[in-house]
Amino acid sequence: MFKSGVGFLALFGLGWWLLGSSAFGGLMRQVLIAVGCAVMVGLMFAARRFLPSSAGGPFPVGRRRRFNQVNGLQWLLIIVIAVVCRHVGEPVLVPPLVAVVVGLHFLPLAAVFEQPRLRIPAALMIASGAAGMTVWLTNGPDETVRLVVGLLSALSLWGTAVWTVAGAASAAGQGAGEEGSGGA
């Protein structure tokens, strides 16, 4: 589940969802949190059910090193963004800028994992960050920036997780159909 990336997409999607839901209060926020947790758990169960246990397989040493470099740089940039935004008094910019960094980090990962489809969540996450920046630049409230970036980012990551699981389920169904039609 985590080797295929679905576990990470589900968990980080929940994190973004929680950020977006922070724009609300009271019962609405509680409902959104419950919905986000249900989606994450559902994705985890679907991945466990439909993805082979070997999905993704062990990383070769070179691929693991490159993966670690990309993720290390991503986390370094996130820390720098948080420190600089806090220092200049604009913490509201952290989520949109982090979304852009996360989106950009998918581009080299597409090559590392030989998965060109990772360019789609890259583009969606960058667009999410750009949308949040647009809200901020047009003097939108901080809550709206968090809502836009959080929910769009969550939906982008969760959509990618669903796409991964659906592709595996479809391939498994086609394989079972071929086995069943080739008999007697």
Side-chain angles (χ1 to χ4, degrees), residues 1-23 32 35-36 39-40 42-44 46-47 50-51 55-56 59 63-82 84-85 90-138 140 142-171:
M1 164 175 25
F2 282 92
K3 290 179 184 176
S4 68
V6 171
F8 293 108
L9 295 168
L11 288 171
F12 282 106
L14 176 62
W16 285 106
W17 183 264
L18 294 175
L19 172 74
S21 71
S22 72
L32 288 172
V35 167
V39 169
M40 184 210 54
L43 285 169
M44 296 284 204
F50 295 111
L51 295 175
F59 290 153
R63 187 175 284 186
R64 186 174 343 125
R65 184 178 318 113
R66 183 70 176 133
F67 171 79
N68 289 336
Q69 289 169 341
V70 169
N71 277 321
L73 179 59
Q74 172 196 230
W75 286 107
L76 177 65
L77 290 173
I78 288 171
I79 291 167
V80 168
I81 287 168
V84 170
C85 287
E90 292 294 347
V92 67
L93 294 178
V94 172
L97 293 173
V98 167
V100 169
V101 167
V102 170
L104 290 171
H105 112 287
F106 277 113
L107 295 174
L109 290 183
V112 168
F113 295 122
E114 298 171 351
Q115 293 289 327
R117 67 185 182 86
L118 288 177
R119 293 180 189 141
I120 292 172
L124 293 172
M125 291 295 295
I126 292 167
S128 168
M133 290 296 294
T134 301
V135 170
W136 179 76
L137 288 170
T138 58
D142 293 0
E143 294 81 16
T144 305
V145 172
R146 291 194 315 270
L147 176 70
V148 167
V149 175
L151 296 186
L152 289 176
S153 295
L155 294 174
S156 299
L157 296 178
W158 285 343
T160 303
V162 168
W163 185 19
T164 301
V165 171
S170 175

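For this chain, numbers begin at 1 and follow the sequence in order.
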Mind checking whether [X] and [Y] have side chains closer than 4.5 Å, heavy atoms only?
X    : Y    : result
L73  : L77  : yes
L9   : L43  : no
V100 : M125 : no
V39  : L14  : no

Over all heavy atoms of both residues, which pair between [X] and [Y] is shortest? Give the atoms and the distance, please.
X    : Y    : result
P108 : R66  : CB-NH2, 3.9 Å
A122 : L107 : CB-CD2, 3.7 Å
L147 : G20  : CD1-O, 3.6 Å
V135 : T138 : O-OG1, 3.0 Å

Before giving the answer on side-chain contact (heavy atoms from CB on, under 4.5 Å), spell out for W75 and V101 the whole-Å C-alpha distance, their side-chain angles and the decisive distance to 0.1 Å.
-> CA-CA 9 Å; W75 286 107; V101 167; over 6 Å; no
side-chain contact (heavy atoms from CB on, under 4.5 Å) between L51 and V6, worked out = CA-CA 9 Å; L51 295 175; V6 171; 3.7 Å; yes
Among T144, L151, V145, which one satisfies side chain to side chain contact (heavy atoms under 4.5 Å, CB included) with V148?
->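 Only one option passes, and that is T144.
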Those residues that, when tested against N68, pass side chain to side chain contact (heavy atoms under 4.5 Å, CB included) (two or more places apart) =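 Only R64 meet the side chain to side chain contact (heavy atoms under 4.5 Å, CB included) criterion with N68.
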Which residues pass the side chain to side chain contact (heavy atoms under 4.5 Å, CB included) test with L32, sequence neighbours left out?
-> W17, S21, F24, M28
For E90, all residues meeting side chain to side chain donor-acceptor pair (under 3.5 Å), sequence neighbours excluded = W136
Indicate every side-chain donor-acceptor pair of residues 154-162 with a distance under 3.5 Å to a residue at least two apart or in another chain.
unit_1	atom_1	unit_2	atom_2	d
S156	OG	L152	O	2.7
W158	NE1	A10	O	3.1
T160	OG1	S156	O	2.9

Can you tell me how far CG of L109 sits from CG of N71, rounded to the nearest 0.5 angstrom?
->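 Here the interatomic distance stands at 6.0 Å.
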To the nearest 0.5 Å, what is the distance between CD1 (I120) and CG (L124)?
-> 7.5 Å
Show your working on side-chain contact (heavy atoms from CB on, under 4.5 Å) between L93 and M133 and close with a plain yes or no.
-> CA-CA 7 Å; L93 294 178; M133 290 296 294; 3.6 Å; yes
What side chain to side chain donor-acceptor pair (under 3.5 Å) pairs are there with at least one residue in residues 106-133, not counting sequence neighbours?
->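 Of all non-adjacent pairs touching residues 106-133, those that pass side chain to side chain donor-acceptor pair (under 3.5 Å) are R63-E114, Q115-R117, R117-T164, S128-S153.
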Step-by-step side-chain contact (heavy atoms from CB on, under 4.5 Å) determination, V70 to Q74 | CA-CA 6 Å; V70 169; Q74 172 196 230; 5.6 Å; no
